[in-house]
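Notes follow the structure.
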There are 2 protein chains.
Amino acid sequence: MKTIDKHEKIIKAAVKVFAKKGFFSARISDIAKVAKVADGTIYLYFNNKFDILLSVFDIEIGRLINQVKELIEKETNPCRMLEIFALKHLSLLKENRSLAEIIQMELRQNNKLIKEYRVTKFSEYVDIISHVIRQGQALNLFRKDIQPGIAKRAFFGALDEMARLWILAPKPAYNIEETAMQISKIFLCGIIDKGSAQADEKRC
Amino acid sequence: MKTIDKHEKIIKAAVKVFAKKGFFSARISDIAKVAKVADGTIYLYFNNKFDILLSVFDIEIGRLINQVKELIEKETNPCRMLEIFALKHLSLLKENRSLAEIIQMELRQNNKLIKEYRVTKFSEYVDIISHVIRQGQALNLFRKDIQPGIAKRAFFGALDEMARLWILAPKPAYNIEETAMQISKIFLCGIIDKGSAQADEKRC
DNA sequence: GAATGATGAATCGCTATTCATTCTCCTTCG
DNA sequence: CGAAGGAGAATGAATAGCGATTCATCATTC
């Protein structure tokens, strides 16, 4: 059993336990039990309980962010880029429900470190959206009176709220493709420049 | 000093302390200090720490919900109703920042009682939106292919994300009116039925 | 037989909750 | 009118339990 294995095992276990109980109610001994490791072992790999949470953010959420980024970068049409963002964001969270729960719960905590996390790595992720909107505006696809900073939040917030539905409701009422499509559709219709020939051409 | 005064004082204090530190990190003695009351006194009015949080939800958030509901009910035009919802929701949260922080943080906790709260009182609030959308569809103002259940979440999620911005950022980059207007505009443009004469008439 | 990794029982600090005591403010009666 | 008394409210020091963290000890590997 290599060192690297235990580090990973503990993080995976922590994702499960934090998702189930929330950071504060989760006990180190819970994580240790799920990871099949002694309580003390955890302190060989992490400085303290909060450090485990930060590692979850860095590694697991970081992985999520990279996957979406990578896909977006392959596209050039801003409309398609937003559709892909919606679809991929939702489907990755759906696949990894525990992680989705942690994002919902812990990334909202009023904590200095978490706040910092939100303004660095995570907001870099959300900034993908405003960047795409600016591209669309430059191409005369999207209306110029839309503020990218507000629109990005509107779009991300809409997706985030759908993610919340899945976490709170035991049975999902809508499937991912349908949800992602509806949200991109509402949003795209809302920002597309109807006076523009480009918008028709690109079939946005 | 009447009994009713202390109950209120403790709740007001709890709103501040929970907002600042979060439920788990808030100490009863902190709340007591802010309320200018002895630690023990709190237990004359509340069963336990969690009971204080539930009371905050019931009383303070309930008050917020009622205010928005009341305003909406005065309107008949679905487009205006959505605009008013956006504006009032944001401005009430802005006025009561501590409460907004609690909503952001604690209403996301993975807790059975809070989950129940979300599926009763709070979702009744969000359901105002889907109700308005259905009205609009019945009047041929809004497109029929929009699913009210998804659209309500898209709209609410967008507003909620803007509220989050204000909480995390020390200095707000956008004012309320502008934000509410942009979000309603994007959303209304996204759901309005362009083929319909009604939509023009009503100047949506 | 070191050196490194792992263990888990014991420690230690923290804070929700309790409860014996004190305070406040009426009511009653001499 | 003022003193006595007592009911309910308020106090805050003491308790009690929890759980993060430590560390003396054990296991494994070379």
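Atom set for the values below is all heavy atoms of this structure, side chains included, hydrogens, waters and symmetry mates excluded. First the proteins, then the strands, lettered A, B, ... as listed; each starts at 1.
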Let me know the distance between [atom1] of [X] and [atom2] of [N], rounded to the nearest Å.
X	N	atom1	atom2	value
A:Arg27	D:dG17	CZ	C1'	13 Å
B:Lys36	D:dG12	NZ	P	14 Å
A:Phe46	D:dA20	CZ	P	15 Å
A:Ile28	D:dC18	CD1	P	17 Å
A:Ile42	D:dG19	CD1	P	15 Å
A:Tyr43	C:dG8	OH	P	16 Å
A:Asn48	D:dT22	CG	C1'	13 Å
A:Ile10	C:dG5	CD1	P	13 Å

If you check the [X] side chain, which of [options] turns out closest?
X	options	result
A:Leu44	D:dA9, D:dT21, C:dT7	C:dT7
B:Asp39	C:dA6, C:dA16, D:dG12	D:dG12
B:Tyr45	D:dT21, D:dA9, C:dG8	D:dA9
A:Thr41	C:dA16, C:dT7, D:dT21	C:dT7

Would you call [X] and [Y] a salt bridge, using N to O less than 4.0 angstrom?
X	Y	value
A:Asp160	A:Arg108	yes
B:Lys121	B:Asp58	yes
B:Asp145	A:Lys185	yes

Which residues within residues 12-25 of chain B lie with some heavy atom under 4.0 Å of an atom in DNA chain D?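 Here the set is empty: none.
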Over-ring placement of B:Lys6 relative to B:Tyr45, 6.0 Å and 45° cut-offs: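 No cation-pi geometry.
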Taking only the side-chain nitrogens and oxygens of B:Lys6, find out if one of them lies under 4.0 Å from OP1 or OP2 of D:dA10.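 So the side chain of B:Lys6 is within the cut-off, an N or O lying under 4.0 Å from OP1 or OP2 of D:dA10.
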Could you pull out all donor-acceptor pairs under 3.5 Å where a side-chain atom in residues 81-91 of chain B meets a protein atom, sequence neighbours excluded?
{"unit_1": "B:Glu83", "atom_1": "OE1", "unit_2": "B:Arg80", "atom_2": "NH1", "d": "3.0"}
{"unit_1": "B:His89", "atom_1": "ND1", "unit_2": "B:Tyr125", "atom_2": "OH", "d": "2.7"}
{"unit_1": "B:Ser91", "atom_1": "OG", "unit_2": "B:Leu87", "atom_2": "O", "d": "2.9"}
{"unit_1": "B:Ser91", "atom_1": "OG", "unit_2": "B:Lys88", "atom_2": "O", "d": "3.3"}

Going by salt bridge (charged side-chain N to carboxylate O under 4.0 Å, His left out), A:Asp127 matches just one of A:Lys69, A:Arg153, A:Lys152. Which one?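 The salt bridge (charged side-chain N to carboxylate O under 4.0 Å, His left out) with A:Asp127 is passed solely by A:Lys152 among A:Lys69, A:Arg153, A:Lys152.
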Any donor-acceptor N or O pair under 3.5 Å, side chains B:Glu116, B:Asn111: no
